[in-house]
2 protein chains.
Amino acid sequence: MSDPDFPQIDIYPIGIIRTPFKEKFGIPRQSGLVESVKAKIIIQSPYDDPIMYDGLSEFSHIWLTFHFNDLPVNVWKKKVRPPRLGGNQKKGVFATRSPYRPNQLGLSVVSLLSIDTTKGVVLEVSGADLLDQTPILDIKPYLPYVDSLEHAKAGFANDAPEKKYLVEFSKQAEIDLIKIADAAEFKLLVTELLSLDPRPAFHNDDLREYHMRLEDWDVTWVIAEDKAHVLKISRFADTH
Amino acid sequence: MSDPDFPQIDIYPIGIIRTPFKEKFGIPRQSGLVESVKAKIIIQSPYDDPIMYDGLSEFSHIWLTFHFNDLPVNVWKKKVRPPRLGGNQKKGVFATRSPYRPNQLGLSVVSLLSIDTTKGVVLEVSGADLLDQTPILDIKPYLPYVDSLEHAKAGFANDAPEKKYLVEFSKQAEIDLIKIADAAEFKLLVTELLSLDPRPAFHNDDLREYHMRLEDWDVTWVIAEDKAHVLKISRFADTH
């Protein structure tokens with residue numbers, strides 16, 4: 001891969017993001033779809049000088065450039081199956097936002113909630129679609145006069161995924177919620193995530209139990225009669 | 001900079017962009033401001049298989065992640081002076097899109113005009129704000145339902161820069177235009193670029209001659225009576 005005309009570029013993460021998503025299953029397929037996802041970007045030295053973020057709080061949204069580091073290094077595909085095409089059609093990888101791309105760079109826009117500079121720099125954001133511990137390579141302000149192109153055409157990805165399901169919690173799940181520190185927030189998060197139906201497109205077998213790990217919790221649900229039913233919520237360590 | 005928790009990431013350009021901008025002076029300060037800027041992204045092997053771009057032509061706009069490679073490697077600043085603040089106020093580098101940022105990553109959205117696969121892959125785009133020969137690290141489709149946030153707040157950078165000047169061409173400049181292959185397109189490009197006033201904010205001395213290099217041409221202009229006057233257009237090699 002070494003080529004004098006195209007020299008390798010060395011990139012160093014400026015920090016990592018902490019999100020509720022301990023595994024890929026359940027992560028919304030784009031940023032901004034689930035605003036109840038709260039996340040923190042922990043900036044690392046030497047990028048944790050608060051003056052480097054001076055003025056950023058004037059912006060409601062920020063871009064995150066990140067590295068899909070859960071994949072093996074340099075693994076990429078020429079064609080991928082976008083989830084929104086039902087998983088049975090392939091498109092060129094550069095026509096998608098798939099992680100299986102050369103350089104494994106990701107791009108997400110998130111809401112900027114606060115900048116905590118009491119110890120280093122921690123940015124609190126919402127709407128992230130990143131796996132926990134993903135390295136963050138850059139942060140940029142969102143500029144609506146440049147970045148907002150309402151009338152852009154997006155072919156096979158033109159519309160937002162619809163909220164497919166109503167979400168109901170069983171009596172057991174309601175009891176389980178009591179154990180969780182911020183139960184109301186957690187319930188909202190589960191509700192918003194499941195309403196989007198995180199199952200792979202080819203999974204439509206009702207009554208199969210699905211599991212999603214969020215924070216330290218294992219959420220069990222089934223799809224039945226066009227609703228998502230949360231059966232139980234157990235501490236992750238208890239079940240694995 | 002080596003840290004086991006934050007390992008270095010090796011990035012390889014997927015191609016380079018060819019733009020009219022042979023030097024930084026004159027480049028619009030964001031993408032999309034000057035649609036008459038035409039550019040070509042020349043994809044390099046092994047990323048030049050047309051199937052990797054299958055479906056991309058359904059999108060009207062694409063994101064380019066690129067490397068500000070005209071700066072020395074690893075040069076960055078904690079604070080910068082955003083041009084839109086008149087050059088006399090500093091902001092944290094992460095509150096701006098300045099190139100003087102850790103990792104020197106750039107992000108621009110451009111219109112996708114065509115994908116030429118007759119020999120390798122060449123993407124023709126418009127609205128770019130990149131220096132000629134900038135390495136392109138990633139291409140992603142623009143998804144309006146995710147990326148378009150019309151009501152995002154952007155503090156000190158909320159509004160698009162205004163078109164400041166009418167642009168007039170001298171008799172000499174009109175004669176000079178005849179030498180240029182696509183004179184009408186070139187004239188439109190110069191007009192749009194100068195209307196935005198590419199001078200640094202602290203330069204407001206009327207009647208000073210300014211030069212901008214576009215393609216192989218050196219454009220000379222002055223600001224007088226609230227207009228930009230193009231005095232002449234000479235072949236770059238003639239004057240340097």
Side-chain angles (χ1 to χ4, degrees), chain A residues 1 3 6 8-14 16 30-32 44 47 49 51-56 58-61 63 65 67 78-79 91-97 101-103 105 107 109 135 137-160, chain B residues 1 3 6 8-14 16 30-32 44 47 49 51-56 58-61 63 65 67 78-79 91-97 101-103 105 107 109 135 137-160:
Chain A
M1 303 283 277
D3 179 333
F6 294 90
Q8 173 189 320
I9 299 160
D10 299 336
I11 302 282
Y12 301 89
I14 62 168
I16 56 162
Q30 295 299 337
S31 58
Q44 80 148 337
Y47 313 114
D49 184 336
I51 71 164
M52 294 178 73
Y53 303 84
D54 177 37
L56 188 60
E58 293 182 36
F59 296 85
S60 62
H61 292 78
W63 288 109
T65 301
H67 185 227
K78 290 189 174 184
K79 299 198 95 170
K91 293 285 178 185
V93 67
F94 286 123
T96 77
R97 303 272 197 127
R101 59 199 313 112
N103 292 319
L105 294 173
L107 179 66
V109 59
L137 311 182
D138 197 13
I139 288 167
K140 290 182 200 290
Y142 184 93
L143 303 180
Y145 79 86
V146 180
D147 300 330
S148 180
L149 302 170
E150 214 188 336
H151 302 296
K153 277 186 297 176
F156 64 85
N158 225 356
D159 303 308
Chain B
M1 301 287 276
D3 179 333
F6 294 90
Q8 172 190 320
I9 299 160
D10 299 336
I11 301 281
Y12 302 89
I14 62 168
I16 56 162
Q30 294 300 336
S31 58
Q44 80 147 338
Y47 313 115
D49 185 335
I51 72 164
M52 295 178 73
Y53 303 85
D54 178 36
L56 188 61
E58 293 183 35
F59 296 85
S60 61
H61 292 78
W63 288 109
T65 302
H67 185 227
K78 290 189 173 184
K79 299 198 95 170
K91 293 286 177 184
V93 66
F94 285 124
T96 78
R97 303 271 196 126
R101 58 199 316 110
N103 292 319
L105 293 174
L107 178 66
V109 59
L137 311 182
D138 197 13
I139 288 168
K140 289 181 201 291
Y142 185 92
L143 303 180
Y145 78 85
V146 180
D147 300 329
S148 180
L149 302 170
E150 213 187 337
H151 303 295
K153 278 187 296 178
F156 63 85
N158 225 353
D159 303 309

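Throughout, protein chains are lettered first and strands after them, A, B, ... in sequence-line order, and every chain is numbered starting at 1. Heavy-atom basis, side chains included; hydrogens, waters and symmetry copies ignored.
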As an exercise: rank [options] by heavy-atom pairs under 4.5 Å with chain A and give me the winner.
{"options": "B:H151, B:K91, B:E58", "value": "B:E58"}
{"options": "B:V146, B:D147, B:V93", "value": "B:D147"}
{"options": "B:W63, B:F59, B:F94", "value": "B:F94"}
{"options": "B:A157, B:A95, B:G155", "value": "B:A95"}

Do you know the tightest heavy-atom contact between [X] and [Y]?
{"X": "A:A152", "Y": "B:Y142", "value": "CB-CD2, 3.6 Å"}
{"X": "B:P102", "Y": "A:M52", "value": "CG-CE, 3.9 Å"}
{"X": "B:K140", "Y": "A:L105", "value": "NZ-O, 2.6 Å"}
{"X": "B:D10", "Y": "A:N103", "value": "O-OD1, 4.3 Å"}

Mind ranking [options] by heavy-atom pairs under 4.5 Å with chain B and telling me who comes out on top?
{"options": "A:H61, A:H67, A:R97", "answer": "A:R97"}
{"options": "A:D49, A:L149, A:I14, A:L56", "answer": "A:L149"}
{"options": "A:P13, A:P144, A:G32, A:P141", "answer": "A:P141"}

How many angstroms lie between CD1 in A:I11 and CG in B:L137, if you round to the nearest 0.5 Å? 7.0 Å
For [X], is it the side chain, the backbone, both or neither that has a heavy atom under 4.5 Å from a heavy atom of chain A?
{"X": "B:V109", "value": "side chain"}
{"X": "B:S31", "value": "both"}
{"X": "B:K79", "value": "side chain"}
{"X": "B:N158", "value": "both"}

Begin from the C-alpha positions of A:T96 and A:R101 and carry the test side chain to side chain contact (heavy atoms under 4.5 Å, CB included) through to its verdict. CA-CA 9 Å; A:T96 77; A:R101 59 199 313 112; 4.2 Å; yes
Could you list the residues that satisfy ring-ring contact (aromatic ring centres under 6.0 Å, His included) with A:Y145, not counting sequence neighbours?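 A:Y145 satisfies ring-ring contact (aromatic ring centres under 6.0 Å, His included) with no other residue.
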